[in-house]
Amino acid sequence: MTTVAVNVLQYLLLVLGAPVLRALIARVKALIQRRQGSNLWRPYADLLKLFRKEDLVPPTSSPLFRFAPMMLTASTFVAAALVPTVYQSALLGFAGDFIVLVYVLALGRFFMGLGALDGSSSFAGMGASREAMISALAEAPLLLGLIAVAILARQGNIVEIVRWTLKQNFFDVSAVHAVAFAALAMVAIAETGRMPVDNPTTHLELTMIHEAMVLEYSGPSLALIEWTQAVKLNVVLSLLIGLFAPWGMATSLTFAGLALGLSAYLLKLVVLAIVIAVLESSIAKLRMYMVPEFLGIATALGALAVVFTALMRR
Amino acid sequence: MVLVDLAASKALGSAAVLLFLTVLMLAAAKRMSTSIVAFALQSAVLAAQVLAVARIHGSTESYVIGALVILIKVLGIPYALFRLVDKLQAPHDVKLSLSPVYSVFITAGLIFLSFTAVHTYVQELRVSEDVLAAAVALILSGAFLMVSHGKALMQIIALLVLENGIFLAALITTFGMPMIIEIGVFFDLVMGVLLMGIFAFRIRDTFEHLDVSKLRRLRG
């Protein structure tokens, strides 16, 4: 019973706390640019405002246009329930393995692309085709990196992999982990539309990828998309933390254990947010034609990680 | 102290992983500065390994060598290379002759090759397979960097990577060579970088570029 309660709580933390993480990255970036930056709670006000507004739909579009953001939100929220954060279990931990996670996320992206095309704006269509290309290229390294870790743990379920990693010694980190982490970190950047691949704060439609795709959306639909984007970033970062640095995560349901797990998790998230902000401030966006190269390197690293699992068998 | 001992005993094995990452980073790097930083990181990992060996075997000589590695390879040579890039005013890209994706794939293949190459010697070694494989991988990838990059400065870095590999192989098979030999090797290295730096200047002055692949026309 308590396990379920803790699972629900950590799931709510992941889903409801996600906008703060995005605001934190924006805040650190603002500080680096010597601006004051906006309040950390600002995204909630934005979301509330958008939820209250009218949902404008292009006259040429079909019902799919309204349906797509809901599908995106639903699938991403399901994916969020597969990832353990504070305590070593997840709400839907029993329901599926890492392949489910990858393709549930892909399902949401697929519907979002359809919705963008349905809006019949030329920029949105361009954004959709770009996003489709990137997600097709990012799928291989994502799966390869996860497969490598799964082979090491002899488990397919993400919760089980995290439990296995928790039992390992920090110093016994193998080449598989290092290489798979490099691959998955590169994929995480591409999947969440962060800097070298996509610029989340751009104002020029020609350089947008994700932002171009949602150009036609407004009101509650836009709020859902923005919220989901934040949740997705949080899910991907939590997945990286869980797979490669879960140490500190609560293994028992005691108050002290959970408090330690919570503080360790939040600390790791803050560190990752600062790393992302510094990275985004120090590098320029890649040209569109360089993205396949970027993800090609990630694929090479993912393949290397899988091959390494055969060597590391001891 | 117990913790330091534990870290030292583990460092020898885990450091190999970081060496693989620096090798891959060098293969994927597109700018001179990235390559130089990757080389400095690689040397830092090497220094940590020397110090770990010194800690485990309690030899003062190894501490001195570790300090020398930090002084020369982690700080001195990267600084000199940065100066060189600055002074030469050459374009920052590394003139990779094939796409970085293939470069990373080939380097991954070389790492795999080095694992299979050292497989037969594992029984006679006291350290784990990874470290010897890392040494061989450094040597191979140094050679690969040398042929895949067209820029004279990159070939300096490639040679240094190759030397790092030989140094690591010597370290883990002998657990510290005599001091005089190590100092000789370091002297060689510094002289080599100095000479190659001068060469780079001469190449630039004569041909107005640093592209080694265009030097073929020199044949008589």
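Below, chain A is the first sequence line, B the second, and so on; all start at residue 1.
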In terms of heavy-atom contacts, does [atom1] of [X] have more than 12 from other residues, nucleotides or ligands at under 6.0 Å?
| X | atom1 | value |
| --- | --- | --- |
| B:Tyr102 | OH | no |
| B:Phe82 | CZ | yes |
| B:Phe112 | CZ | no |

### Task
Could you tell me which non-hydrogen atom of A:Ala303 sits nearest to which non-hydrogen atom of B:Phe105, and how far apart they are?
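For A:Ala303 versus B:Phe105, the nearest heavy atoms are CB-CE2, 4.4 Å.
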
### Task
Would you name the heavy atoms of A:Ala178 and B:Leu21 that are closest together and state the gap between them?
CB-CD1, 3.8 Å

### Summary
Most heavy-atom pairs under 4.5 Å with chain A, out of B:Ser103, B:Pro100, B:Ala28, belong to B:Pro100

### Query
If you tally heavy-atom pairs under 4.5 Å against chain A, which of B:Val104, B:Leu19, B:Leu18 wins?
B:Val104

### Task
Please find out if less than 6.0 Å separates the ring center of A:Phe308 from that of B:Phe115.
yes

### Task
To the nearest 0.5 Å, tell me how far A:Leu304 CG sits from B:Leu24 CG.
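Those atoms lie 6.0 Å apart.
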
